[in-house]
Number of protein chains: 2
Amino acid sequence: MESLCDAAKVLKSNGVRVTPARVVLLEALHSRRGPFTAQELHANLPARSADLVTVYRFLARLVKASLAREIVGSDGVAYYEMACAHNPVHPHFECLSCGRLFCLPLFREEDSARVLDYGTGHRVESVSVVFRGTCAACLANELEEGKK
Amino acid sequence: MESLCDAAKVLKSNGVRVTPARVVLLEALHSRRGPFTAQELHANLPARSADLVTVYRFLARLVKASLAREIVGSDGVAYYEMACAHNPVHPHFECLSCGRLFCLPLFREEDSARVLDYGTGHRVESVSVVFRGTCAACLANELEEGKK
DNA sequence: GAATATTTGCAAATGATTTGCAAAAGAGAT
DNA sequence: ATCTCTTTTGCAAATCATTTGCAAATATTC
Ligand SMILES: [Mn+2]
Ligand SMILES: [Mn+2]
Ligand SMILES: [Zn+2]
Ligand SMILES: [Zn+2]
């Protein structure tokens with residue numbers, strides 16, 4: 001409940017220096033709910049606190065340390081989300097109409113187990129389940145359009 | 001057994017002209033096993049039979065018509081595979097070491113059902129399950145390296 | 001503090017995918 | 001075949017997220 005969330009510690013123990021820029025980034029990361037792109041994250045940072053390149057580099061580190069997960073949208077843009085104990089692996093939904101990426105509720109335990117135990121013949125480090133289609137909001141809009 | 005594989009027909013019935021370039025492309029597509037990128041496909045085409053842009057455009061059409069599936073790798077590059085009856089939806093494995101993308105065997109019926117019936121609250125048009133990690137070949141290489 | 005290792009910002013490069021546009025090719029009617 | 005209208009194609013140029021090179025700034029070690 002604090003272990004994995006204290007990314008700073010994990011990083012330090014991996015020989016990663018916890019610099020001011022990184023502290024700001026970690027704070028920003030904590031205040032995020034859904035998945036975000038590097039650019040979105042950077043845009044919401046206190047002015048001049050970290051360069052976009054630094055954001056990219058830091059996110060890459062987090063992912064390598066399994067402290068963040070990467071979800072690649074169908075347009076090839078990478079989304080991120082923290083991977084602490086508060087936020088276990090779960091499926092996502094990508095709306096092909098508005099482009100938004102949503103977190104979906106967890107699979108039921110038994111279903112997760114099935115997916116995770118799937119024998120791939122390789123060394124699995126992560127699994128990603130992405131549903132694609134039209135989100136509820138866009139569906140509603142389509143209906144509106146239809147009426148006209 | 002022929003219905004969905006005869007993409008030409010499906011296309012034509014959707015008002016898509018079946019031109020020489022497209023015939024070549026469809027043939028090339030048929031002779032492919034695993035997932036491929038637009039560039040790979042283009043590279044293996046009879047010389048000057050279709051521009052790379054045409055390949056991109058045609059693949060986009062196939063995807064829109066659900067005749068092909070798109071799998072986006074973690075580097076943001078799009079892979080494609082045909083979606084005929086011979087090739088039902090199945091999970092994939094991406095090796096983060098060598099970058100290759102493998103098809104995995106189908107889920108068992110019951111597992112597929114579970115995934116497909118997952119209530120997302122949106123209109124689902126496709127599902128993608130991608131495992132990531134280190135492929136068997138790369139694991140073997142790592143062992144070799146270790147010995148030295 | 002000097003020596004060493006890591007991190008940062010800025011500018012420039014990358015590279016897959018997309019777009020604009022005018023020429024070429026298909027479909028249909030005459 | 002010819003004319004007309006629509007779709008497709010190739011080529012060059014634009015996009016745009018992500019990466020890289022590198023020198024200056026900063027942290028760590030002794
Ligand atoms: Mn999520
Ligand atoms: Mn496949
Ligand atoms: Zn939407
Ligand atoms: Zn590999």
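Keep in mind that this is a model prediction, so the values were computed, not measured. Letters go in sequence order (proteins before strands), and every chain restarts at 1.
- Under the rule for a side chain to side chain contact (heavy atoms under 4.5 Å, CB included), B:Ala60 has no partner lying at least two apart in sequence or in another chain.
- Taking atom CG of residue B:Leu59 and atom P of nucleotide C:dA16, one finds them 15 Å apart after rounding to whole Å.
- In this structure, A:Ile71 shares a hydrophobic cluster with A:Val77, A:Tyr79, A:Leu101, A:Val130, the cluster being traced through Ile, Leu, Val, Met, Phe, Trp and Tyr side chains under 4.5 angstrom apart.
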Output side-chain donor-acceptor pairs under 3.5 Å for residues 48-58 of chain B, partner residues at least two apart or in another chain, one line each.
unit_1	atom_1	unit_2	atom_2	d
B:Ser49	OG	B:Pro46	O	2.5
B:Asp51	OD2	B:Val53	N	2.8

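- The side chain to side chain donor-acceptor pair (under 3.5 Å) analysis of residues 125-142 of chain A, with sequence neighbours excluded, yields the pairs A:Glu94-A:Arg132, A:Arg123-A:Glu125, A:Glu125-B:Thr134, A:Thr134-B:Arg123, A:Thr134-B:Glu125, A:Glu142-B:Arg123.
- Projected onto DNA chain D by closest heavy-atom contact, B:Arg61 and A:Ala38 fall at different nucleotides, the more 5' of which corresponds to B:Arg61.
- Residues passing the ring-ring contact (aromatic ring centres under 6.0 Å, His included) test with A:Phe102, sequence neighbours excluded: B:His122.
- Contacts of A:His42 classified as side-chain hydrogen bond (donor to acceptor under 3.5 Å, both in side chains), with partners at least two apart in sequence or in another chain: none.
- Listed by chain and number, the residues in a salt bridge (Lys or Arg N to Asp or Glu O under 4.0 Å) with A:Glu70 amount to none (sequence neighbours excluded).
- Close approach of DNA chain D to chain A, defined as any atom under 4.0 Å from a non-hydrogen atom of the protein, starts and stops at D:dA17 to D:dT28.
- The rotation axes computed at either terminus of the helix from C:dG1-D:dC30 to C:dT30-D:dA1 lie 30° apart, taking five pairs at each end and rounding to 10 degrees.
- A heavy atom lying under 4.0 Å from DNA chain C marks the following residues of residues 18-26 of chain B, by number: B:Pro20.
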Between side-chain atoms of residues 12-21 of chain A and protein atoms elsewhere (two or more places apart, or another chain), which donor-acceptor pairs fall under 3.5 Å?
unit_1	atom_1	unit_2	atom_2	d
A:Ser13	OG	A:Val10	O	2.7
A:Thr19	OG1	A:Arg22	N	3.4

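- Residues of residues 39-56 of chain B having a heavy atom closer than 4.0 Å to DNA chain C, listed by number: B:Gln39, B:Val53, B:Tyr56.
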